[in-house]
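In what follows, every chain begins at residue 1, and chains take the letters A, B, ... in the order their sequences are listed.
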Amino acid sequence: MTRFRLPAWFALLLPAIIVLAAVVLIPLVLSLYSSFTSYRLTRPETLYNWIGTFNYEKAAKSAHFWSAFGRTVLLLTIALNLEMLLGLGLALLVNQVTYGQRALRTIMMFPMMFSPLLVGFQFKFIFNDNVGLVNNALQSIGFSNVAIPWLVDGQLAFFSILVAEMWSSTSVFAILILAGLFAVPRDPIEAAKVDGCTPWQSFRHITLPYIMPFIYIALAIRSLDVARAYDIVQIMTNGGPARRTELLWTLIGRTGYVDAKMGYANAMGYISIFLAIGFTIFFFRKLNAARAELGMGG
Amino acid sequence: MAQVNLRNVVKRFGPLQVVHGVDLDINDNEFVVLVGPSGCGKSTTLRMIAGLEAISEGEIAIGDRVVNDLPPRHRNISMVFQNYALYPHMSVRENLGFSLEIAKKPKAEIDKAVDEAAEILSLTDYMDRKPGALSGGQRQRVAMGRAIVRHPDVFLFDEPLSNLDAKLRTQMRTEIKKLHQKVNSTIVYVTHDQVEAMTLADRIVIMRDGYIEQVGTPLEVFEAPANTFVATFIGSPPMNLLTGRVAADMISLEGGLKVAVPDQYRANVSEGQDVVLGFRADNLMPVGHAMPMEGAFAELEMTVNLSEPLGTETLLFTSIADKEIQAKMLNPRPVASGEKLSFQLDLTRCHLFDAETQNSLRSN
Ligand SMILES: Nc1ncnc2c1ncn2[C@@H]1O[C@H](COP(=O)(O)OP(=O)(O)OP(=O)(O)O)[C@@H](O)[C@H]1O
Ligand SMILES: [Mg+2]
């Protein structure tokens, strides 16, 4: 009788496979499975109650879900565009600085060092209608004499959240774009100057194509960030008041943990993930195109 | 069409001064080559003419305009960079037409100029490729094409051939020469290759450590070097130099050798003066292997340390007082190391420099 032995490559990979299975595969399969059941956290036996695609149909028909979905896309679009422009501007300014640039770069990263929870609390205070910094400032310069309900009015609350998001994450763009600017070779820029370009034209025609890949990387990273935005909104408005700032993940979080409808929450989660995947694919396509443009290979 | 004038141009990087008051007048349509060892300030000077580097002191004029404060785009110059500096995201066609595009020239005119340049430089087959898909020589031609489409007043070249292999370099050298005859523009060309300088230039400017050492036609700087630096820098192999002292119309050289003061220098030396005698390998030949010499020559016996056959001639490496001396053997025969030979030194073609200033003692 020959003794059975695992092939060496399999034996070597086994620990990794076990770990991956434990932390990725099992939760993934379990959550996917539970989205087809009426699983409620409070009644564990419902995990075995198979209801087919009912949860998905429910989500697809839910106005709450789609308005949260739409609002997330809106936040993502606005935040990413503004952060990109601001980050670009910031990076260009810092790139011009010759003395003390290191210190400036470090300072620029400060917002990234705070937990989003703290950022949420801070902006909740800043935009508070009674004791908040913004209202106090507006009132003391005589710009307004009423308490503006920053976090209560739907559109103002959305704006406030946007500001908090941008404050905490514009530096992601600034840092990555600055890295891109460092990588721009000097020669083509000088050639452009000699070829008659104004500073704006050399930026537009030479610098920008060089930093586009960096911009797309930042966009891809940040689109995933915003698509799963939860903490800042949770703290500042808790998706409210009356769902006026509800985003996908505040809705899913509440459905799963507050209402305990885990099966339904997981179904919505799986639909939302397609949003994130969609944006990621989109930006990576753009990234590859921009790199191919520069002759860096696809 | 324009002349270029540099008046006492100084360049400092912070406290470090790298160009020390350069004066240079370049005529309209002239092909001037700046040559010198690495780090002597050639590129810096060229970049000041281009406007890519601020001028610390002095004045640069192109045509009749002082351009000190003009940005490059207002100087009507073209520049070819050492590593081409092509725009990697543009096709060859776009690279060539970019400057005209920026100048908002009509489409038809751009196409015409681009096609013309592509024709001159045989680039027509690569027009839609990106620079990344071109060989070094092709990229180099694109860089030149980009410069010529604009019909600038002045062309500036910064070592455009240094990245090419020897064969391509020779070929492109001829192309540039032809180009100059065709486009009829003022050209300032930087190189550290003295062969390139000799073959291309109307006039050569030899620089060292931020100073101009000599300006002259290729023949002038070869035949009448102003100092020992130019003498050793121009010409290959470099000129042999031996120090000595003048005594009674003779120069006693190191190693105990004595030669007569060459006639053409006799009036300019004084008794007891320390001098440097310079002569090229072409003027030191083994007896029997050269044209019979007329006029003044010295005869010396030396041991050959090494020989380097080049085909039609052989370079012989010998030494005097531990200094390497190179001689040339025409109609060569095999020479073994250690062989003793009699050499003739053509005194009429010798150079004499002052040992202290290193400047030529030639009367001009
Ligand atoms: N941006 C700079 N800052 C400080 N020093 C510089 C700068 N650019 C050049 N230099 C110095 O100026 C001197 C001249 O440089 P330059 O580039 O003109 O030399 P070059 O003659 O072109 O040499 P090469 O043949 O190697 O290109 C060098 O000693 C160099 O170190
Ligand atoms: Mg240089």
Steps toward side chain to side chain contact (heavy atoms under 4.5 Å, CB included) verdict (H89(B), L208(A)): CA-CA 11 Å; H89(B) 53 297; L208(A) 200 56; over 6 Å; no
Atom CD of Q101(A) with >12 non-hydrogen neighbours under 6.0 angstrom: yes
CZ (F284(A)) with more than 12 external heavy atoms under 6.0 Å: no
Winner by heavy-atom pair count (cut-off under 4.5 Å) against chain A, out of R146(B), H74(B), R47(B), M79(B): R47(B)
Crowding at CG, D64(B) (>12 non-hydrogen neighbours, <6.0 Å): no
For the student: nearest non-hydrogen atoms of K130(B) and A292(A), plus distance: NZ-O, 4.2 Å
Nearest heavy atoms of A191(A) and A85(B), plus distance in Å: CB-O, 3.7 Å
Spatial distance of atom CD1 (I102(B)) from atom CG (D195(A)) [nearest 0.5 Å]: 8.0 Å
Residues, nucleotides or ligands: over 12 heavy atoms within 6.0 Å of R12(B) CZ: yes
Neighbour count >12 (heavy atoms, 6.0 Å) for atom NZ, K112(B): no
L86(B) versus chain A, the contacting section by heavy-atom distance below 4.5 Å: backbone
Minimum heavy-atom distance between R73(B) and P199(A), given as atom pair plus value: NH1-CD, 3.8 Å
Selection from A133(B), S99(B), A143(B) maximising heavy-atom pairs under 4.5 Å formed with chain A: S99(B)
Heavy-atom side-chain proximity of I206(A) to M90(B) below 4.5 angstrom: yes
Check: Y87(B) ring centre within less than 6.0 Å of H205(A) ring centre: no
Separation of Q201(A) CD from F98(B) CZ (nearest 0.5 Å): 7.0 Å
Side chain / backbone / both / neither for R75(B) at chain A, heavy atoms under 4.5 Å: neither
Per-residue contact mode, E190(A) against chain B (heavy atom under 4.5 angstrom): both
Test item: R150(B) and V194(A) side chains (from C-beta on) under 4.5 Å apart, heavy atoms: yes
